[in-house]
Amino acid sequence: MSKTPITVAVTGAAGQIGYSLLFRIASGALFGPDQPVNLRLIEIEPAMGALGGVVMELDDCAFPLLNSITPTCDLDEGFKGANWSILVGSVPRKAGMERKDLLNINGKIFTGQGKAIEKNAAADARVLVVGNPCNTNCLIAMNNAKGIPADRWFAMTRLDENRAKSQLAAKSGAHHSSVTNLAIWGNHSATQYPDFYNAKIGGVPATEVISDHEWLQGDFISTVQQRGAAIIKARGSSSAASAANAACDTVRSLTSPTPAGDWTSVAVCSDGSYGIEKGLMFSFPIRTDGNKWEIVQGVPVNEFSQAKIKATEDELREERAAVTELGLI
Ligand code: NAX
């Protein structure tokens, strides 16, 4: 191994998504086939036994790029020297639980993790939050780690982008790889807006390729918004492999140049672009040169899109008000 290993901390490492994600990271899916990695795997105490089994399996893969594995339930140890922290672990919403209860339970997790990342992570620390409600969990962690610049914090909406691309491909008969410029705006929730107006299929506006605009404005949006629920219904558990894949896609897209003319989706700290309230973790169309990312400016937003974007922004404002009231930020 010639290159210095990149250290990746993953919380919720013994969970479903972890079980898919860790093997992808260790095999080079994030940083390429010549980049060694250290894995720091963070779990809560009751899951340490299961995590031990995952570590045995990682050992048994004998991944050439896997330099070290550190399983731990100690946050200081877990985030030590982390270049990337992927925060997957969180408590799922249970029947009868209000959204505010969930924000409160998970909020406490993310205040502690934000502080531990600030104290222990590498100078170039970057953080991707996957655990739900991911936008607001990320907002909490970021606000509890003020020493880390706001442009290093991300919440995952790439799974929604990938889902939207696959729906447009299926409807048009094109391959999903020909669908570009698909932005998810806002929250990773049922209010998210998959922006088909600016999407292209084979370089042609999706609204020209797909003449059924009623479908685009209706079933397309709701299918993407409700895809997670449909998978739970069919599989009996929430999406895991596709979520892990989207996490890999997100990190890769943030660390390599965006193809010319295209963009990708991830929630970042709003700078006020498109009139979105500053400081909210909001998914925008993003472009990067592989080092520095930017919100793509000048993407047309028509009246239909504006109403959808406003609805998802309102939801994020409400979530922020709730966690502010709870004293989490
Ligand atoms: P699992 O319940 O299988 O695994 C979660 C793991 O997190 C468990 O092993 C648990 O012990 C651990 N954990 C809980 N609290 C922790 C803490 N304080 N520190 C470290 N670990 C902790 O859930 P899984 O299916 O892996 O999903 C994880 C999260 O991803 C959920 O919040 C889920 O809602 C969210 N998702 C987010 C998606 C997105 O697109 N942003 C899509 C997939 C997924 O729904």
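Because the structure is a prediction, the values reported are computed rather than measured. Both ligands and their constituent atoms are indexed starting at 1 by order of listing.
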Q) Measuring from each atom of ligand 1, which residues have a heavy atom under 4.0 Å away? A) Gly12, Ala14, Gly15, Gln16, Ile17, Ile42, Glu43, Ile44, Ala47, Val88, Gly89, Ser90, Ile109, Gln113, Val130, Gly131, Asn132, Cys134, Met156, Leu159, His188, Ser238, Ser239, Ala243

Q) Does anything in residues 258-280 pair up under ring-ring contact (aromatic ring centres under 6.0 Å, His included), and if so which pairs, sequence neighbours excluded? A) Trp185-Tyr274

Q: Look at the rings of Phe196 and Tyr193 and say which category their plane angle falls in: under 30° parallel, 30 to 60° tilted, over 60° perpendicular.
A: perpendicular

Validation: residues 78-85 side-chain donor-acceptor distances under 3.5 Å, sequence neighbours left out:
{"unit_1": "Asn83", "atom_1": "OD1", "unit_2": "Thr7", "atom_2": "N", "d": "2.8"}
{"unit_1": "Asn83", "atom_1": "ND2", "unit_2": "Asp124", "atom_2": "OD1", "d": "3.0"}

**Q.** Residues that Lys115 engages under salt bridge (Lys or Arg N to Asp or Glu O under 4.0 Å), provided they are two or more places apart
**A.** none

Q: Using the six-membered ring wherever Trp is involved, compare the ring planes of Trp215 and Phe220 and label them parallel, tilted or perpendicular (cut-offs 30° and 60°).
A: tilted

Q | Salt-bridge present (Lys308, Asp195; N to O < 4.0 Å) | A | no

